[in-house]
Structure formats: structure tokens, C-alpha cells
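Whatever order the structure lists them in is the order used to number ligands and atoms, beginning at 1.
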Amino acid sequence: MTSQTTRARRPRPNGVVLRAAAIAGAGLLAGGCDGPQSMLNPAGTEAERVAELFKVMLVGAVLIWAAVIGLAVYAAVVRPGAHPERHASALIVCGGALVPTVILGALLTYGLQLMPSLRAESDGLRVTVTGEQFWWRVRYTTPDGAEVTAANELRLPAGARVELLLDSPEVIHSLWVPAIAGKMDMVPGRTTRLVLEPTRPGLYRGVCAEFCGPSHALMAFAMEVMEPARFDEWLRREAGPATADAPEAGRRLFLAHGCGACHTVRGTEANGVVGPDLTRIGSRHTIAAGILENTQENRERFIAEPDAVKPGVRMPGFAMLPAPDVAAIASWLGDLR
Ligand code: CUA
């Protein structure tokens with residue numbers, strides 16, 4: 001069989017196949033518009049404005065693109081050949097200066113008038129979030145001044161404006177929950193501010209949006225927007241000491257192996273502040289800052305080999321501990337609610 005007959009028999013992609021591929025591709029792209037981390041499916045007042053701005057800019061960009069392509073097609077296909085110099089000069093003045101100034105000026109004015117509403121005052125609840133290597137330190141300050149420390153998860157009441165104060169001790173991070181609001185950098189040496197107003201209860205995902213080291217892409221968090229009454233109840237519980245029904249062994253081993261030097265578990269002697277507060281880690285949606293499901297297996301894995309899960313993490317590995325000890329500690333942590 002010659003290579004020519006082989007080529008002749010090979011099926012060519014036809015119109016139907018191409019159309020099916022285009023539809024499948026569009027479906028995949030549209031699927032990316034949904035989900036807990038989508039700015040196109042907003043669940044907060046600020047994200048709604050950002051999505052609106054995106055749509056207006058998109059329409060503006062499509063119109064400009066269509067006009068430019070239309071002119072190119074006109075010049076190349078409809079009327080090829082030289083054009084009178086008078087027409088060319090008019091095109092440069094209009095198309096190069098006048099029209100872009102009007103369109104971009106209108107888009108800029110529209111964008112600027114959205115900004116004051118993004119700097120509004122909060123309703124009293126304040127949350128300080130500090131970007132650590134590679135996790136989030138979270139401190140809630142209630143309107144009556146009480147402070148509650150947590151980590152790697154944000155819970156906020158629906159329908160209230162909450163002020164986030166953002167900082168970082170070492171490198172620049174950026175906090176971004178696309179479904180709730182725009183992003184804000186966390187800059188060493190200064191405190192930045194972001195006011196959020198989540199509108200729809202649900203579970204969303206936030207990420208670090210500024211390269212901060214080897215595990216930048218592994219620095220995320222869950223954000224749960226709750227009904228206000230449920231949030232108040234949760235915050236009240238969160239402020240108290242840890243409660244666990246698990247066997248005492250896990251707590252004893254946690255303290256005996258020195259975990260308390262870096263981690264706080266309120267209600268025990270563990271009061272370290274180097275690593276994340278673990279007081280109610282069992283009730284969190286994820287562990288290791290948004291990257292692992294909160295299961296017994298994953299907790300054991302992180303305790304034994306944190307660097308394998310999250311390169312560059314400060315926590316040393318505890319793979320040298322007997323497996324039953326790791327399991328007991330992981331089980332006790334999972335029970336802290
Ligand atoms: Cu923290 Cu990127």
C-alpha cells in the first residue's frame with residue numbers, strides 16, 4: 001500500500017466534526033463561568049459591580065474589534081487597491097483619535113463612577129486577615145470589641161457590609177474571592193482595606209492572587225456566607241474553647257510532641273502563634289489553606305509530610321512519629337468543633 005492510498009483513506013475532519021468540537025469547546029468555556037470561584041456568578045454587591053463593569057467593557061471591546069475587522073475586510077476585499085489620500089487622512093483622524101477618545105472616555109467615566117461605592121463604610125463587623133507563608137491568619141472583631149482568632153476560612157453574614165483589614169509580615173499576597181468582591185493586595189508594612197457585602201448564602205472559594213513563593217498556587221480558603229442568625233451563633237461558639245469528644249490520647253500526644261509551641265487550641269495549654277489557630281479545625285471545610293478536604297486521611301498526611309503537600313511550608317514534618325500517634329492526633333483535631 002502506497003503512502004498516497006493511505007492518505008486518501010484517512011477520514012478528513014468535516015463540517016459536522018468541527019461544529020461538534022466548537023459546541024463542546026463553548027460548553028467547556030461556559031462551564032468555567034459558574035462554580036464557587038466565578039466572578040461571572042456574583043454573590044456579593046462588589047462582585048456584581050465588577051461583573052457589570054466586565055460586561056460593559058466586553059461589549060465595548062467587541063464593538064471596537066468588529067469595527068477594526070470590518071475596516072480591514074473593506075480595505076482588503078471590498079475595495080482593494082489605493083484609496084484617495086483625503087479619505088486616508090479622515091480615517092486616521094476619526095478612527096485613530098476621535099472615536100477611541102470618545103469610546104475610551106465613556107468607558108473610563110463609567111468605570112470611575114463605580115469606585116466610590118466600593119469604598120463604603122462597614123456595618124460594624126471587622127475581620128483582620130494576615131497573609132502568611134502560605135496560609136491566612138483570621139481575626140474577627142465584633143461590634144462590641146470582642147476578638148476571635150481563626151485561620152484559613154472566612155465566614156461572613158449575608159446582607160451586611162464587613163470591613164476586611166489586610167496585612168502581611170513578609171511578602172505581598174493578595175486576597176480574592178471572585179464571587180464576592182474584587183481583589184486587594186496585602187502589603188508588608190501597611191494595612192489595606194476591603195469592604196465586602198455578600199448577598200447570597202453559600203460556600204465560595206478565595207485564593208491568593210499575587211505570587212508569594214513556591215506554594216502560591218496552594219494558598220486558598222473557603223468562604224462561607226451564612227444567614228445572619230446562624231453567623232452570630234457560629235461566632236459565639238467560635239469564641240469559646242475547643243470541645244472534643246475524642247479520646248484524651250490525641251490531645252496528650254499533640255501537647256507531648258510540641259505542637260502547642262506553634263499552634264493554639266483554646267481550652268488547652270497549646271498557645272503558640274507561629275502557625276494557624278486550630279481551635280475548631282474539625283469544623284472547617286478544608287485543611288492546609290483550602291487545598292485538602294478535611295478528612296482523617298488528609299490530616300494524617302499533612303502532619304506526617306506537610307512539605308510534600310505544600311512545598312516551602314514552615315511546619316516541620318512528623319513522619320518519624322509512630323503511625324498510631326499521628327492517627328490519634330489527626331483524629332482529635334478532626335473532633336475539635
Ligand atoms: Cu500568598 Cu500568593
Side-chain angles (χ1 to χ4, degrees), residues 32 35-40 42-44 46-47 50 54 118 126-141 148-156 162-196 198 203-225 262-264 272-279 281 284-294 298-299 301-303 305-317:
Q37 198 184 313
S38 173
M39 55 79 63
L40 292 174
E46 291 73 22
V50 173
F54 168 74
L118 299 178
R126 185 194 303 148
V127 188
T128 306
V129 185
T130 305
E132 302 281 354
Q133 242 42 5
F134 303 86
W135 58 279
W136 314 86
R137 192 187 293 278
V138 179
R139 274 162 297 158
Y140 297 84
T141 309
V148 182
T149 303
N152 293 332
E153 190 164 280
L154 261 181
R155 301 206 186 200
L156 298 178
V162 179
E163 180 181 44
L164 297 191
L165 295 179
L166 310 171
D167 57 22
S168 166
E170 291 153 329
V171 300
I172 302 178
H173 303 268
S174 185
L175 181 138
W176 190 24
V177 193
I180 306 294
K183 67 183 84 160
M184 182 61 74
D185 281 359
M186 314 167 95
V187 185
R190 58 182 285 188
T191 300
T192 47
R193 180 174 174 272
L194 181 67
V195 177
L196 305 178
L203 191 58
Y204 305 95
R205 187 168 189 270
V207 290
C208 177
E210 182 76 43
F211 181 74
C212 53
S215 280
H216 155 69
L218 301 173
M219 185 171 172
F221 61 97
M223 175 188 268
E224 187 174 350
V225 177
C262 290
H263 297 283
T264 291
V273 293
V274 178
D277 185 296
L278 300 179
T279 300
I281 185 174
R284 291 180 198 156
H285 296 281
T286 62
I287 59 162
I291 58 167
L292 290 179
E293 246 184 277
N294 193 354
N298 285 339
R299 287 190 299 271
R301 196 173 143 214
F302 195 83
I303 294 168
E305 294 182 310
D307 199 60
V309 177
K310 186 170 273 207
V313 72
R314 298 268 158 85
M315 175 168 153

- With sequence neighbours excluded, what pairs up with F221 under the ring-ring contact (aromatic ring centres under 6.0 Å, His included) test? W136

- Name all residues meeting the side-chain hydrogen bond (donor to acceptor under 3.5 Å, both in side chains) criterion together with R301; count only those two or more places apart in sequence or in a different chain, and write none if there are none. none

- Item | Partner of R139 under side chain to side chain donor-acceptor pair (under 3.5 Å), chosen from D277, T130, T128 | T130

- Message: Quick one: does any side-chain atom of N152 pair with a main-chain N or O of I287 as donor and acceptor, under 3.5 Å?
- Response: no

- Query: Does the side-chain contact (heavy atoms from CB on, under 4.5 Å) test come out yes or no for V127 and L196, once each step is laid out?
  - Reply: CA-CA 11 Å; V127 188; L196 305 178; over 6 Å; no

- Any pair counted as salt bridge (Lys or Arg N to Asp or Glu O under 4.0 Å), so long as it reaches residues 170-186, sequence neighbours left out: E170-R314

- Query: Closer than 2.8 Å to atom 2 (Cu) of ligand 1, how many protein N/O/S atoms do you count?
  - Reply: 4

